[in-house]
Structures are given as C-alpha cells and as structure tokens.
Number of protein chains: 2
Amino acid sequence: METEKRAKIRDVAAHAGVSVGTVSRVLAGNPAVKHGPLLRVKAAIEELGYRPNQVARALRSNRINVIGLLIPDILNPYFAQLANELERIAADAGYALILSSSHNDPKREARQLVAVLEQKPVAIIFVPTSEKLAADVPAPTRALSIDRPALGYAAITVDQRQGAAVALDHLVALGHRRIAYFAGPDNTINARERLDGFLNRAEEISATGTALSIDVHPGDFDFQSGEQIARDLLQKPRGERVTAIAAASDQQAIGAIRAARDLGLAVPTDLSVVGFDDITLASLIVPRLTTVQQPVGEMAETAVRAVLAFDASLESQEFLARLIVRDSTAPCPAEEPDRA
Amino acid sequence: METEKRAKIRDVAAHAGVSVGTVSRVLAGNPAVKHGPLLRVKAAIEELGYRPNQVARALRSNRINVIGLLIPDILNPYFAQLANELERIAADAGYALILSSSHNDPKREARQLVAVLEQKPVAIIFVPTSEKLAADVPAPTRALSIDRPALGYAAITVDQRQGAAVALDHLVALGHRRIAYFAGPDNTINARERLDGFLNRAEEISATGTALSIDVHPGDFDFQSGEQIARDLLQKPRGERVTAIAAASDQQAIGAIRAARDLGLAVPTDLSVVGFDDITLASLIVPRLTTVQQPVGEMAETAVRAVLAFDASLESQEFLARLIVRDSTAPCPAEEPDRA
DNA sequence: CTGTTAGCGCATTCAC
DNA sequence: GTGAATGCGCTAACAG
C-alpha cells in the first residue's frame with residue numbers, strides 16, 4: 001500500500017508534467033519555482049509515494065547522509081550512553097549513524113576509521129584512543145572529537161579538572177579530611193586531568209589552613225578496579241581508614257561500594273563515595289550514587305548540531321561538570337561537618 | 001603520504017595499461033583475467049593507493065556495503081553486547097554497521113526501520129519489538145531477526161523454554177524446593193516463553209514425585225524490578241521464605257542479590273539466585289552470578305554470515321542456552337541437597 | 001580473455 | 001522560470 005514500485009524522479013516529473021530539473025529544484029527547496037508547478041510536483045510526490053534514492057544522491061555529492069561514530073567500546077556504559085544520545089539526536093535530524101568500535105586498540109582504530117571514511121559519511125564524531133588520531137579525515141567530511149581532545153580537530157569536552165575539584169569540595173564540605181582518590185588509567189588524558197584537578201584543589205584547600213590527607217590509588221576505570229582497590233584499602237582499622245573515596249569513574253565507585261558492603265561498612269554512614277560520569281546505573285544502585293555528572297545529552301546535541309551546520313566552522317566547546325548529590329555521601333562520622 | 005589525490009578506476013587502468021573493465025574484474029576477483037594483466041593491475045592499485053569508491057559502487061547495485069542493525073535499546077547490556085559482537089564480526093567481514101534504536105517504541109521502530117532501509121543496506125538485522133514488524137523489508141535487502149522471532153522473517157533465537165528449564169533443574173538438583181520465579185514483561189515473547197518453560201518443567205518434576213512450590217512474580221527485565229520484588233519477598237521469616245530465586249534476566253537477578261544483601265541475607269548461603277542472559281556484569285559482581293547463558297557471540301557470527309551469504313537463502317536457527325554455574329547458587333540450607 | 005560502452009538516479013550546469 | 005543535457009565512478013553486458 002505504501003511502497004508501490006519505487007517511483008523515481010522522472011516518474012514524478014512525468015506525472016506533474018514538468019521536467020526532472022524542476023522536480024529536483026522542488027526537492028532542494030529552491031525558491032525559483034513558480035507556484036503552479038510547485039504544487040503539482042508536491043502532489044505528484046505525494047501521490048506516487050516518491051522518496052529520493054539516497055544512494056544516487058550520494059554519488060553526486062560523494063557523501064552519504066550518515067554520521068560516522070567511532071568509540072572505544074560500546075560495552076562501557078558511558079560510551080553506550082553517548083552513543084544512545086547521538087543516535088537519537090541524529091535520527092531525529094534525519095541522519096543515520098554508522099557505529100564502529102576500536103576496542104581500545106589503536107591499530108583497530110586506524111582500520112575502523114578508514115573503513116568508516118570509505119563510506120563517505122557527511123561527518124564523523126569520534127572518541128580518540130590517543131591524542132594523535134591514527135589517520136587524517138579528508139576535507140569534505142566534517143570531523144569532531146568528543147569526550148577527549150584530538151590534535152588538529154575541534155573537540156566537545158568536559159572540564160575534567162573542575163569536575164574533580166567539585167567532587168573534592170563536596171567531600172570537604174561534609175567534613176571529610178582523610179580521602180582516597182581512585183585514579184583512572186594513566187594513558188588516558190581524562191584520567192590524568194581528573195587526578196591533576198583533584199590534587200590541585202587539595203593543595204588550594206590545604207593552603208587555606210584545612211589540613212587534608214589524600215591517598216591516590218592508580219587503577220582502571222572499571223568496576224573490578226574499584227572493588228579491588230577498596231578491598232585492600234578498607235581493611236585498615238577505623239582510625240587509620242579514609243572516611244571518603246572519590247573515584248575517577250562511576251564503575252569504580254560502584255565497585256568500591258560493593259567492597260565496602262562486603263567488609264561490613266555502611267555507605268554513606270561509615271564511608272562516603274563519590275563517582276564520576278553519572279551513568280544510568282548510578283541512580284539505580286543502593287545507595288544511589290553521588291557523582292559528578294558529565295552532560296552527555298547536551299554534549300551529544302551540540303556535537304550533532306555542529307557537524308550538521310555545514311556552513312559554520314567547527315569549534316571546540318568545553319562543558320562544565322555538575323555535582324549530583326544523592327545518597328552515597330554523608331557528613332564525616334568522626335568530625336563535625338562544616339555545614340556550608 | 002597515504003592519501004594522494006584519490007585515484008579512480010580509470011587512473012588505475014591507465015597506469016596498468018589495461019581497460020577499466022579489466023580493473024573491475026580484478027576487483028571482483030573474476031578468475032577470467034590472465035596472469036600478466038592481473039599482476040600489473042594489482043601493482044597499479046598498490047602504487048596509486050587506489051580504493052574503490054563505495055558510493056559509486058553502491059549506485060550500480062543500489063545497495064551500500066553496510067548492514068543495518070535495529071535494536072530496542074543500546075543501554076540494555078544484553079543488546080549492547082549483541083551490538084558489540086555484531087559490529088566486530090561485520091567489521092572484520094568488511095561491512096560497516098548502521099545502528100538504530102527503537103527505544104521500545106513501535107512508532108519509532110517503524111520510522112527507524114524506514115530510515116535505515118532508505119540507506120539501502122545490503123542487509124538488516126533486527127530485534128523486533130513485536131512479532132509483527134512495523135514495515136516490510138523490500139526484496140533485495142536481506143532481513144534477519146535476532147533474539148526474537150518476527151512473522152515472515154528468518155530468526156536467530158535461543159530456546160527460551162529450555163533455558164528456563166535448565167535453571168530450574170540446577171536449583172532442584174541443589175535441593176531447593178521453595179523457589180520464586182521473577183518473570184519479565186508479559187508483552188515480550190521471550191519473557192512469556194521463559195515463564196512457560198519454567199512452569200512446564202516444574203510440573204514435570206512434580207509429576208515424578210518431587211514436590212515443588214513455585215511463586216511467580218511478574219516484573220520488568222531491569223535491575224530495579226528485581227530489587228523491588230526481592231525486597232518484598234524476602235521480608236518473610238525464614239521458614240516461609242523461598243530458598244532460591246530464578247530471574248528472567250541478569251539485571252533482575254543482580255537487583256535481587258542487592259536486596260538480599262540489604263536485608264542481611266547471604267548469597268548463596270541463605271539464598272541462591274540464578275539469572276538469565278550472562279551479561280558482562282554477571283561475572284563481575286560479588287558473588288559472581290550463576291546464570292543461563294545465551295550464546296551471543298555464536299548468534300552474532302551466525303547472523304552476520306547468514307546475511308552475507310548472498311547466494312544462500314536465510315534460514316531460522318535456534319540455539320540452546322547453557323547453564324553457567326558460578327557463585328550465586330549453593331545447596332539449599334534447609335534440606336540435604338541431591339548430589340546429582 | 002579483454003576493451004568499449006551504456007546506464008544506475010540524481011543534481012546541476014547551460015540554453016531558452 | 002524551466003527544460004535538456006552532462007557526468008558523478010563504477011559494473012556488467014556485449015563485442016571483438
């Protein structure tokens with residue numbers, strides 16, 4: 001009923017009694033078409049259920065109406081969320097998304113990038129595994145990095161240092177002084193930035209006279225890493241133990257909460273935990289996780305709009321992270337909290 | 001250095017001293033090319049760094065070298081895993097993947113399906129939200145459903161009834177007699193099948209003289225649903241309580257474990273829990289989750305191979321689920337377990 | 001076995 | 001303001 005025999009542009013032209021050129025102009029929204037033919041063409045399109053052949057159109061422009069997306073790993077909930085938002089927004093704008101995972105392998109990243117570019121998408125949005133992208137994106141394809149910067153490309157990022165600082169501020173305001181920081185892998189710039197931001201802020205606070213003791217524990221972004229570090233760390237007797245943990249990712253934080261519970265420590269009564277990212281799971285676990293939210297939705301929207309604004313140049317934009325206070329943080333049990 | 005000026009097929013032909021037809025034949029692996037020209041063409045391709053223009057190629061065949069993937073929700077870990085496997089396998093076979101989410105909305109599913117089909121992918125693999133697909137997939141595009149059947153299409157599925165039965169068998173073998181089943185949403189066929197399979201097996205077992213008490217609790221597949229049902233259920237005093245829970249999804253099972261722990265019940269000592277799916281998280285939580293594994297990797301491989309075997313017709317295939325025994329199940333505390 | 005050539009469906013010059 | 005003609009890069013059908 002809906003799909004007849006796949007009308008093509010010249011069927012529409014014949015049906016409307018005009019030439020294909022005119023139909024094409026109508027399709028392009030070219031205002032130089034008189035009212036009469038315009039209406040007839042529109043009617044013909046409607047009547048025949050005509051849909052322009054995207055593939056043929058692509059040959060002319062040497063570009064397909066698709067946005068490429070290259071991420072490290074779709075199993076990482078943060079990237080899944082990013083992909084989800086990008087897909088939704090791109091779809092609403094009439095663009096499909098080509099998904100490609102590098103699986104954190106730079107060689108694979110290079111191959112995947114080339115493979116995606118070969119499809120000639122109008123744009124590509126990527127989360128680079130390193131700051132130097134494996135292959136260049138040739139000119140007509142608009143390229144934008146997201147989540148992490150890449151040399152030579154505009155980037156949609158979050159101020160990681162500020163985000164980490166906000167997490168520390170929150171814990172300090174609750175009265176915590178002995179705090180552990182669970183760092184992410186040293187080879188990702190975001191992990192390094194978060195750590196730097198955290199330590200910098202700690203110094204600033206110390207300089208104002210509030211003595212702080214910060215333990216840094218290097219690890220990975222994943223669940224297991226957080227659990228393992230916490231398991232070791234929380235064995236210590238109460239007096240020597242940290243009263244709060246700030247993690248470089250929600251997954252780490254969730255792992256830490258799990259470990260704490262196994263050791264009989266109540267979160268947040270005995271131990272406060274703050275995460276980073278605000279993945280979906282963060283608000284589902286018990287206790288609901290206090291975390292530093294990266295505005296994934298806004299970032300995705302900005303990214304898609306930017307790459308689709310073909311007449312504007314691509315510019316970098318940095319977002320601010322935002323503290324989301326939920327149930328995994330509470331005043332320090334030992335000392336009186338500063339009620340800020 | 002790598003990308004010159006985008007050589008095209010006639011540049012290669014000129015460089016090799018042959019015609020474009022010969023180059024095309026070499027590209028297609030047509031054996032009717034003599035050794036001499038073959039080598040010269042290959043050398044020319046190499047030297048010029050020639051890569052066929054996928055878009056132009058697509059215009060001829062009216063098909064792009066891409067596989068469409070339509071799933072309900074990439075944030076669901078099970079579908080994320082499916083997408084991950086499909087992407088990896090398709091990429092290795094030289095095909096990109098267009099990702100599209102219906103967000104469990106049939107209207108959106110219909111729109112997304114049409115949008116993806118408009119790109120003219122060689123094939124589309126989909127997880128239908130209902131058994132009646134919203135729009136037809138026209139002939140040249142190969143269509144295959146996965147995870148759930150769709151009327152009129154070949155399907156790659158798992159025997160849900162058998163999977164549920166295996167879970168029950170495991171619990172019964174451990175000596176459990178009072179068992180709760182957490183069902184999935186009634187409007188998905190897999191949830192209904194799992195429930196049926198579970199109850200059928202329970203009847204079979206009862207018929208052999210082993211008295212079983214099965215509580216069915218309807219819910220959703222997600223984490224929260226499992227947690228909430230378990231929270232209500234496990235309030236009962238020890239004697240009246242079930243000793244084991246079988247869930248229709250790993251997310252439910254993980255939620256149930258969380259609730260049990262909050263109520264002071266040890267898993268698996270006081271309560272055994274078995275999940276369904278074997279998502280990545282299942283082997284990461286503590287205790288590691290005993291679950292019914294759906295062979296996602298094999299299914300994905302089978303699906304991709306099938307849609308890319310252009311000369312073979314698409315056929316349905318049903319896989320068997322497999323019990324993965326980990327740490328969330330143990331002999332029933334009250335009774336002596338049957339050591340099977 | 002290989003060269004030549006006609007489109008694939010559309011957008012975009014040019015004429016008119 | 002509109003129509004006719006050209007070509008995007010490639011594949012396949014046909015000739016040789």
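Here is how names work: the chains are called A, B, and so on, in the same order as the sequence lines, proteins then strands, and each is numbered from 1. Predicted, not measured: the structure shown is a model, and the values here were computed from it.
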Does a donor on one side chain sit under 3.5 Å from an acceptor on the other, for A:T141 and A:R63?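 The answer is yes; a qualifying pair exists.
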
Do A:S102 and A:Q112 have a side chain donor and acceptor closer than 3.5 Å?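 Not at all, the side chains of A:S102 and A:Q112 share no donor-acceptor pair under 3.5 Å.
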
Let me know, please, whether B:P37 or B:L59 comes out on the 5' side of the other along DNA chain C by nearest nucleotide.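 Per heavy-atom nearest nucleotide, the more 5' residue is B:P37.
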
What integer distance in Å separates [X]:[atom1] from [N]:[atom2]?
| X | N | atom1 | atom2 | value |
| --- | --- | --- | --- | --- |
| A:L48 | C:dG9 | CG | P | 15 Å |
| A:I45 | C:dG9 | CD1 | C1' | 14 Å |
| A:R10 | C:dG7 | CZ | P | 10 Å |
| A:R51 | C:dG9 | CZ | P | 17 Å |

B:R60: what forms a salt bridge (Lys or Arg N to Asp or Glu O under 4.0 Å) with it, not counting sequence neighbours?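 With neighbours one apart ignored, the set is empty.
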
Mind checking what makes salt bridge (Lys or Arg N to Asp or Glu O under 4.0 Å) contact with A:R51, not counting sequence neighbours?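 Checked A:R51 against salt bridge (Lys or Arg N to Asp or Glu O under 4.0 Å); matches are B:E118.
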
Contact interval (first through last nucleotide) of DNA chain D with protein chain B, 4.0 Å heavy-atom: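 Span of nucleotides near chain B: D:dG9 to D:dA13.
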
Residue pairs passing the salt bridge (charged side-chain N to carboxylate O under 4.0 Å, His left out) test where at least one lies in [range], sequence neighbours excluded:
| range | answer |
| --- | --- |
| residues 11-26 of chain B | none |
| residues 81-95 of chain B | A:R108-B:D92, B:E85-B:R88 |
| residues 28-43 of chain A | none |

Using a heavy-atom cut-off of under 4.0 Å over every strand shown, decide if B:N53 touches base, sugar-phosphate, or nothing.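 Touches sugar-phosphate only.
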
Assign A:V33 to base, sugar-phosphate, or nothing according to its heavy-atom contacts below 4.0 angstrom with the strands shown.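 Sugar-phosphate, no base atom in range.
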
Checking B:R10 now: which residues fulfil side-chain hydrogen bond (donor to acceptor under 3.5 Å, both in side chains) with it, not counting sequence neighbours?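 Once residues adjacent in sequence are excluded, B:R10 has no partner under the side-chain hydrogen bond (donor to acceptor under 3.5 Å, both in side chains) criterion.
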
Which pairs count as ring pair (Phe, Tyr, Trp, His ring centres under 6.0 Å) when at least one residue sits in residues 89-114 of chain B, sequence neighbours excluded?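 Those involving residues 89-114 of chain B do not exist here.
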
Give every donor-acceptor pair under 3.5 Å between a side-chain atom in residues 70-82 of chain B and any protein atom, sequence neighbours left out.
residue	atom	partner	partner atom	Å
B:D73	OD1	B:L75	N	2.9
B:N76	OD1	B:Y78	N	2.8
B:Y78	OH	B:D147	OD1	3.2
B:Q81	OE1	B:T280	N	3.4

Can you find a side chain N or O atom of A:K8 that sits less than 4.0 Å from OP1 or OP2 on C:dG9?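 Yes, within the criterion.
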
Sequence neighbours excluded and cut-off under 3.5 Å, please list the side-chain donor-acceptor pairs for residues 304-314 of chain A, or say none.
residue	atom	partner	partner atom	Å
A:R305	NH1	A:E301	OE2	2.7

Bend angle of the helix from C:dC1-D:dG16 to C:dC16-D:dG1, end axes from five pairs each (to 10°):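 Comparing the axis at each end, I get an angle of 40°.
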
Please enumerate all protein N or O atoms sitting under 3.5 Å from an N or O of nucleotides 11-14 of chain C, with distances to 0.1 Å.
residue	atom	partner	partner atom	Å
C:dA11	OP1	A:R57	NE	2.7
C:dA11	OP1	A:R57	NH2	3.1
C:dA11	OP2	A:S24	OG	3.3
C:dA11	O4'	A:R60	NE	3.3
C:dT12	O4'	A:R60	NH2	3.3

